[in-house]
Amino acid sequence: MSLSELRRGQTATVGNIPAEELRVQLLRFGIAAGSQVSCHTNIPFGPVVLKYGGQEIALGRELARQIEIAC
């Protein structure tokens, strides 16, 4: 399952992040494999807004599709 498939209010554990550049971007927000994130909003054809560590982070849908999660 990918991050883009999360529904509002769902919590998931970040799994594999295949792209090195994306891994680095997420690390800047403190998110790495094993981090637990929750979906604040999932806008159809728009970004996925995550809540993590007291902050809201918007990820583009294509980036969110690349991030594997476990619920």
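Note that the coordinates shown come from a computational prediction; the quantities given were computed from them, not determined experimentally.
L6 and V49 are not part of a single hydrophobic cluster, where members link through side-chain heavy atoms under 4.5 Å apart.
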Start with the C-alpha gap between I31 and I67, add the side-chain angles, then the distance that decides, and say whether side-chain contact (heavy atoms from CB on, under 4.5 Å) holds. CA-CA 11 Å; I31 299 174; I67 302 168; over 6 Å; no
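Distance check, rounded to the nearest 0.5 Å: CD of Q36 to NZ of K51 gives 14.5 Å. Between atom CG of residue L63 and atom OG of residue S2 there is a gap of 11.5 Å, rounded to the nearest 0.5 Å.
The closest donor-acceptor contact from the side chain of Y52 to the backbone of G30 lies under 3.5 Å. A donor-acceptor contact shorter than 3.5 Å is absent between the side chain of R7 and the backbone of N42. A donor-acceptor pair is defined here as one N or O able to donate and one able to accept, closer than 3.5 Å; such a pair exists between the side chain of Q55 and the backbone of F29. Using a distance-only test at 3.5 Å, with no hydrogens or angles considered, no donor-acceptor pair links the side chain of R8 to the main chain of T41.
For the pair L59 and L26, the minimum side-chain heavy-atom distance is below 4.5 Å. Side-chain contact between I17 and Q66 is absent, with no heavy atoms from C-beta onward closer than 4.5 Å. Counting heavy atoms from C-beta outward, L3 and V37 have side chains that approach closer than 4.5 Å.
Contact record, S38 with T11: CB-OG1, 3.7 Å, taken as the closest heavy-atom pair. Shortest non-hydrogen contact noted between R61 and G46 is NE-O, 3.0 Å. Closest approach of L27 to A32, counting heavy atoms only: CD2-CB, 3.8 Å. Across all their heavy atoms, A58 and P47 have their closest contact at CB-CB, 4.4 Å.
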